[in-house]
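For reference, the structure discussed in these notes is given below.
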Amino acid sequence: MQYKVTVVGAGNVGATTAQRIAEAELADVVMVDVLADLATGKALDMMEAAPVLGFNARIEGGGDYAPTAGSDICVVTSGLARKPGMSRDDLVAKNTEIIREVTTQLVKYSPDTIIIMVTNPLDAMCEVARRVSGFPRERLIGMAGVLDAARMRWFIADALKASVEDVDAFVLGGHGDTMVPLPRYATVNGIPLPQLLAADTIEAINTRTRNGGAEIVNYYKQGSAYYAPSASVLDMVAAILHDKKKILPCAVYLEGEYGLKNLFVGVPAVLGRKGMERVIELELSDDEKAQLQKSADAVADLVKSLPSF
Ligand code: NAD
């Protein structure tokens, strides 16, 4: 393959992401995990599917970072996932340690790579990776908005019995309970959502979107979502490698956009070969602005609680 993508963490999200990237023949994949044999075994298992499915990408796995050298993109999924009753923020101390260690290794072997952070609490882990890597914001992007918007899109499609292909939606803000679904910017084949669904139905969809992660955690009991998260990472990887200039909601280090500075917050951004190429500033109502500010304040509080390093 022309490209190489490293996926750190061969757990639920990491392994499914590796599988999706290889099956789509987007890139060769290197999976790294502290559980080296788990990564090696899953990579071998996936390669043994290749003759049946007919994909030509290579997947290798292990505990060593040397094979990751020169990766075009590094997807970071290593760390603890939520269990029922836990918020994403409960993961902060342990996952900070893991992200520090992992980012140091990735940057050593792939100084020019683009990092897509997945580990929770997402916005805070992006900040940890930024401090360790020193990367410009173009090359350090968080995955959350694509997933949150995908959940909202599914709930809208299901409510209207419409094709998922016709439904677009945006979710802004931090990847937590304060995220901001934007039904005003949701459309079904160009038709604004408020013309198709009653206000109380839309409000119920907003609430279910905010709780979408917890809804899955409550079913799984032992872990959190991974099918939709890995599909969302795939969308970002494809947009970057194929230089699509696709507008996707991503966690981006803001430098004054939306009146916010020096903080990772979910906003619509253009993804292309250089990574996060441009932030799109939507016009927001006073209420939407207030919700976004509240969400950004929650991210800022969490960042303040990060252990110093
Ligand atoms: P998982 O437990 O299935 O997998 C995590 C993997 O990370 C494990 O295999 C573990 O061995 C590995 N790991 C731990 N420490 C490591 C280290 N130092 N180096 C390399 N590997 C290490 O969990 P999962 O379901 O795959 O979730 C992974 C992370 O992604 C969690 O933090 C979860 O909350 C987050 N997540 C985020 C989103 C999002 O929208 N951003 C969505 C889903 C999950």
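Only this structure's heavy atoms are used, side chains among them; waters, hydrogens and symmetry mates stay out. Start at 1 and go down the list; that is how both ligands and their atoms are numbered.
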Starting from atom 15 (N) of ligand 1, which protein heavy atom do you reach first, and at what distance in Å? I98 CD1, 3.5 Å

Identify, by atom number and element, the atoms of ligand 1 in contact range of L35, meaning under 4.0 Å from any of its heavy atoms. 11 (O)

Close approach, G223 and ligand 1, non-hydrogen under 4.0 angstrom: no

Does a salt bridge link D235 with K246, judged by any charged N lying under 4.0 Å from a carboxylate O? yes

What is the closest protein heavy atom to atom 36 (N) of ligand 1, and at what distance does it sit? N120 ND2, 3.5 Å

Please list the nearest protein heavy atom to atom 28 (C) of ligand 1 with its residue and the distance rounded to 0.1 Å. T77 O, 3.0 Å

Pair E97 + R100, salt bridge at N-O below 4.0 Å: no

Here the atoms of ligand 1 under 4.0 Å from any heavy atom belonging to V102 are 19 (N)

What part of M117, side chain, backbone, both or neither, has a heavy atom within less than 4.0 angstrom of ligand 1? neither

Where is the nearest protein heavy atom to atom 40 (O) of ligand 1: which residue, which atom, and how far? H175 NE2, 3.1 Å

Heavy-atom pairs closer than 4.0 Å: do any link ligand 1 to the side chain of S78, the backbone, both, or neither? both

Among residues two or more places apart or on two chains, list those pairs meeting side-chain hydrogen bond (donor to acceptor under 3.5 Å, both in side chains) that have a residue in residues 258-270. none

Using a 4.0 Å cut-off to any heavy atom of P229, which atoms of ligand 1 qualify? 42 (C), 43 (C)

Going by heavy-atom distance to atom 2 (O) of ligand 1, choose the closest among G79, G63, C126, G9. G79

Do the ring planes of Y226 and Y220 sit parallel (below 30°), tilted (30 to 60°) or perpendicular (above 60°)? tilted

May I ask you to say whether R151 pairs ionically with E215, meaning some side-chain N is under 4.0 Å from a carboxylate O? no

All heavy atoms of A22 vs all of V29, minimum pair found to be N-CG2, 4.3 Å

Starting from atom 37 (C) of ligand 1, what is the nearest protein heavy atom, named by residue and atom, and what distance separates them? V118 O, 2.9 Å

Using distance alone, decide if ligand 1 has a nitrogen or oxygen within less than 3.5 Å of any nitrogen or oxygen in V13. yes

Is A225 touching ligand 1 with its side chain, its backbone, both, or neither, if touching means heavy atoms under 4.0 Å apart? backbone

Check: G9 main-chain N/O paired with T77 side-chain donor or acceptor under 3.5 Å: yes

From N12, N95, T17 - option closest to atom 3 (O) of ligand 1 by heavy atom: N12

What's the shortest distance from atom 6 (C) of ligand 1 to any protein heavy atom, and which residue and atom give it? D33 OD2, 3.7 Å

Close N or O approach (L80, ligand 1; < 3.5 Å): yes

Ignoring hydrogens and angles, tell me if any N or O in the side chain of R137 forms a donor-acceptor pair with the backbone of Y253 under 3.5 Å. yes

By the definition side chain to side chain donor-acceptor pair (under 3.5 Å), identify the one residue from K4, Q2, R273 that meets it with D72. R273

shortest atom 13 (N) of ligand 1-to-protein heavy-atom contact is with V34 CG2, 3.7 Å

Looking at L147, which atoms of ligand 1 are within less than 4.0 Å of one of its heavy atoms? 40 (O), 42 (C)

Is it the case that the side chain of K94 and the backbone of L80 share a donor-acceptor pair, with hydrogens and angles ignored and the cut-off at 3.5 Å? no

Would you sort out whether S230 and T16 count as a side-chain hydrogen bond (donor to acceptor under 3.5 Å, both in side chains), showing the intermediate values? CA-CA 6 Å; S230 54; T16 321; 4.5 Å; no

Polar side-chain atom of D123 near backbone of H175 as donor-acceptor pair, under 3.5 Å: yes

Closest protein heavy atom (residue, atom, distance) for atom 41 (N) of ligand 1: M143 O, 2.8 Å

